[in-house]
Amino acid sequence: MKPNHVTLVSALDACKNKAALEKGRQIHAAIVSEGYGGQSVVGNALINMYAKCGSLDSARNVFMGMPRRDVISWNAVISACTLNGHREEALDFFDRMHGEGFKPDEVTFVCALDACASLAAIEKGIEVHAAIVESGYEDHMIVATSLVKMYGKCGKLDDARSVFNRMPKRNKISWSAMMSACNQNACPKEALNLFTEMQHNRIEQDQVAFVCALDACAILADLEQGHKIHAAIVREGYEDHVVVGNALVNMYGKCRSLEDARNVFQRMPYRDVISWNAIIAVCSQNVQSRLALDLYDQMRREGFKPGAVTFVCALEACASLVDLEKGQEIHGAIVHGGCDGEIIVGTALINMYGKCGILEDARNVFNRMVCRDVVSWSAMIAACVLNNDAKKALDLFNQMQCNGFMPDQFTFACALDACASLAALEKGQEIHAATIKAQCEGQVVVATALVNMYGKCGSLEDARNVFDHMPHRNLVCWNAIIAACARNGHGIEAIELFKHMQCCGFKPDGATFLSLLAACSHSGTVDEARHFFKSMTEHHGLTQNVEHYLCLIDILGRAGHLKDAEDFINDMPYEKETRVWLSLLWHCQIHGDMERGIRAARHALNSDPRNATAYVLLSNIYAEAGTREA
DNA sequence: AGAGCCCCAA
């Protein structure tokens, strides 16, 4: 029996749902030989089938060859493009359709808005919005929901809000879209308010609404609220939903509760690649990078195929562990898995090689990237700064702008770091001017980098001026201004800022105390230094690292408290590094304490028998002792 | 035809 066009269309539909491209092509051949190719229903079904099977070329060819097209054909080709990542082309078809006199319907508008949203193409989005108003689709619930999403993705929260508020009818999807727009635009509190409002309005809260609420808690790092929403999820029975589980893992990680995150992950009945990515990311974000890499191995053993995001998370862990070997192994897996073309993967590789000190490999990855963005340029600039090639960093900063990329806050911060390490005040001032022009100077990362740059260039007044004008401050920028004061010999000012910072509710960390100790070292108040050192463990729940010890040893040494310094070294809870003994040796030489100096030298040479500095300092001590005796 | 989870540069 000869198949009619109805059976052919439903056969194509089946292929579409199963992504069965070969079978689809056979049916296409049958359609041509039976002479059904001219019917628009058949053509539309072919376009949809090819699109879902990932063959955009065939979908486009069918569309081009159609003798008659209807609105549905245009919708099909537009969504075929979006589905296969060709969003600009989708918008081109949208324009051509209009030019050929077809009236877009609600489906067309939704597809076009989706393309605008993923491209963050706000001008085009506004144009589509105007066309929607003109065609009277503004009150259509699905179209309006798409508008909310588009404005949210384009960073226009106000517009998303006003579309949402004017909607005559909303459902749970509209509410979730609005919550998501809030999360994407730094208004997580508003998202949580919407979540409560949904309950008051008796709108059903499904897994997506819960995921949006969890996302808001993650951004706020609000563990208490997160626990409450977790409880509600259990109550409503959404606990076993994979996406909800993934969002829970992420939320607990961002709230710094690795315990909770691991518990959720362990109990998940189903896991997908994203679940693994989430737990790997959470471990490396919570200074458990080794564990992150173990999970990466475990994931592969369990048969999951790592994707671009997996590689990015694993490379981040290698970078913070400075584990070059593992990083290279993962680089191999990336090439093998065909992910080396992805921009985020390339950027993560640059970062990893940079942190591991192999600038040349970072450069190779950068040079081979087919496609670059501001982030990859910035990563390369940062890698140069880190590896003491600040000049190259500034070259790249210029080159990137010649290539048409506008620096953002992070790029500016990297370039300013380069100036700081070169103590290049003039270049720093030039970049400062550029940040003002780009309206970036108030952003925390930029202002912090400015404070740091001026501090290192010896211009404390400018550093203070930038700091005083910052609209928002975080711990890092407080540390930067305290370090700038300490570095420039303004110890008292540093300590005053430290007190002020605590009054503003900031808890000091290890870096704060390092600067404070440096400040004491300049003003020479030994007792204050001892006090700060002790208070780290006694009042602030911190542990001292070698740098803190070195700083205090230096202060004791300068003040001539050599016995204290030596006792202090002997009491150190870790293995004594050579430089600790060298510091003592140096001060012994200055103060002419021959006996202690020889002891320090013996320790230094014990841990590093070929250390030239130790020999030089020791011979200085002998020489001075000789002079004194003579 | 609409909403959601993991992700690169300080």
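Remember, predicted model here, so these are calculated numbers, not experimental data. Each chain gets a letter, A, B and so on, in the order the sequences are listed, and its residues count up from 1.
Applying the side chain to side chain donor-acceptor pair (under 3.5 Å) test to pairs two or more places apart or on separate chains, those with a residue in residues 304-315 of chain A are A:N277-A:T310.
With sequence neighbours excluded, the residues forming a ring-ring contact (aromatic ring centres under 6.0 Å, His included) with A:F210 are A:F195, A:Y238, listed by chain and number. The side chain to side chain contact (heavy atoms under 4.5 Å, CB included) test applied to A:A434 returns A:F412, not counting sequence neighbours. By the ring-ring contact (aromatic ring centres under 6.0 Å, His included) test, A:H227 is found to be paired with A:Y252, residues two or more places apart in sequence or in another chain being considered. A:F94 is linked by a ring-ring contact (aromatic ring centres under 6.0 Å, His included) to nothing, counting only residues two or more places apart in sequence or in another chain. In this structure A:F311 satisfies the ring-ring contact (aromatic ring centres under 6.0 Å, His included) test with no other residue, sequence neighbours excluded. Contacts of A:D105 classified as salt bridge (charged side-chain N to carboxylate O under 4.0 Å, His left out), with partners at least two apart in sequence or in another chain: none.
Note on A:V208: a base of the nucleic acid sits closer than 4.0 angstrom, heavy atoms only. Backbone-only contact: A:C313 has heavy atoms under 4.0 Å from sugar-phosphate atoms and none from a base. Residue A:A413 is out of contact with every strand shown, counting any heavy-atom pair closer than 4.0 Å. In this structure, A:A281 reaches the sugar-phosphate backbone alone: every heavy-atom distance under 4.0 Å involves primed, P, OP1 or OP2 atoms, never a base. Among the atoms of the strands shown, none is found under 4.0 Å from any heavy atom of A:N75. Among the protein residues, A:D272 comes within range of no part of the nucleic acid, since none of its heavy atoms lies under 4.0 Å from any strand. Residue contacts for A:V312: at a heavy-atom cut-off of 4.0 Å it reaches the sugar-phosphate backbone alone, with no base atom in range. Residue A:M141 is in base contact, counting any heavy-atom pair closer than 4.0 Å across all strands shown. Among the atoms of the strands shown, only primed sugar atoms or phosphate atoms (P, OP1, OP2) are found under 4.0 Å from some heavy atom of A:Q285. Counting non-hydrogen atoms under 4.0 angstrom, A:E316 reaches the backbone sugars and phosphates but no base.
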Name each donor-acceptor pair under 3.5 Å that joins a side chain in residues 134-144 of chain A to protein atoms two or more places apart or in another chain, with its distance.
{"from": "A:S135", "atom 1": "OG", "to": "A:A131", "atom 2": "O", "distance (Å)": "2.5"}
{"from": "A:H140", "atom 1": "ND1", "to": "A:I142", "atom 2": "N", "distance (Å)": "3.2"}
{"from": "A:H140", "atom 1": "ND1", "to": "A:V143", "atom 2": "N", "distance (Å)": "3.3"}

Please set out all donor-acceptor pairs under 3.5 angstrom arising from side-chain atoms of residues 401-408 of chain A, sequence neighbours excluded.
{"from": "A:Q401", "atom 1": "NE2", "to": "A:F397", "atom 2": "O", "distance (Å)": "2.9"}
{"from": "A:N403", "atom 1": "ND2", "to": "A:Q399", "atom 2": "O", "distance (Å)": "2.8"}
{"from": "A:D408", "atom 1": "OD1", "to": "A:F410", "atom 2": "N", "distance (Å)": "3.0"}
{"from": "A:D408", "atom 1": "OD1", "to": "A:T411", "atom 2": "N", "distance (Å)": "3.1"}
{"from": "A:D408", "atom 1": "OD1", "to": "A:T411", "atom 2": "OG1", "distance (Å)": "2.8"}

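DNA chain B lies under 4.0 Å from at least one heavy atom of each of the following residues of residues 348-356 of chain A: A:N351, A:K355. Looking at residues 398-412 of chain A, you'll see A:D408, A:F410 sit with a heavy atom under 4.0 Å from some atom of DNA chain B.
Nucleotides of DNA chain B lying under 4.0 Å from heavy atoms of chain A occupy a range whose first and last members, 5' to 3', are B:dA1 to B:dA10.
If you look at A:W74 and A:F63, their ring centroids are closer than 6.0 Å.
A pairwise comparison of heavy atoms in A:C384 and A:L396 identifies SG-CD1, 3.7 Å as the closest pair.
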